[in-house]
Amino acid sequence: MFRKNPSKTSVFVPKSSGLGWTLNPRHPLGWIILGALFILAVYKIFIN
């Protein structure tokens, strides 16, 4: 599910298989983005 490559310093890295990009969990900003998306999803489910 997550790609862990400590040599990559970017927030988004290419997927190892297929097309697209994924969050780099080794980058602190990646966790902030993931948390913000989770909070937004919970907000949309319970508030709206």
field: Partners passing side-chain contact (heavy atoms from CB on, under 4.5 Å) against L37 (at least two apart in sequence or in another chain)
entry: I33
task: List, by chain and then residue number, the residues other than I45 in its hydrophobic cluster (Ile/Leu/Val/Met/Phe/Trp/Tyr, side-chain heavy atoms under 4.5 Å); write none if there are no others.
output: F38, V42, F46
- request: Dump the intermediate steps for side chain to side chain contact (heavy atoms under 4.5 Å, CB included) on L29 and V11, then the final yes or no.
  value: CA-CA 7 Å; L29 187 57; V11 178; 3.8 Å; yes
- request: Could you tell me the separation between the CZ atom of F12 and the CG atom of L23, rounded to the nearest 0.5 Å?
  value: 5.0 Å
query: How far does CD1 of I47 sit from CG of L40, to the nearest 0.5 angstrom?
result: 11.5 Å
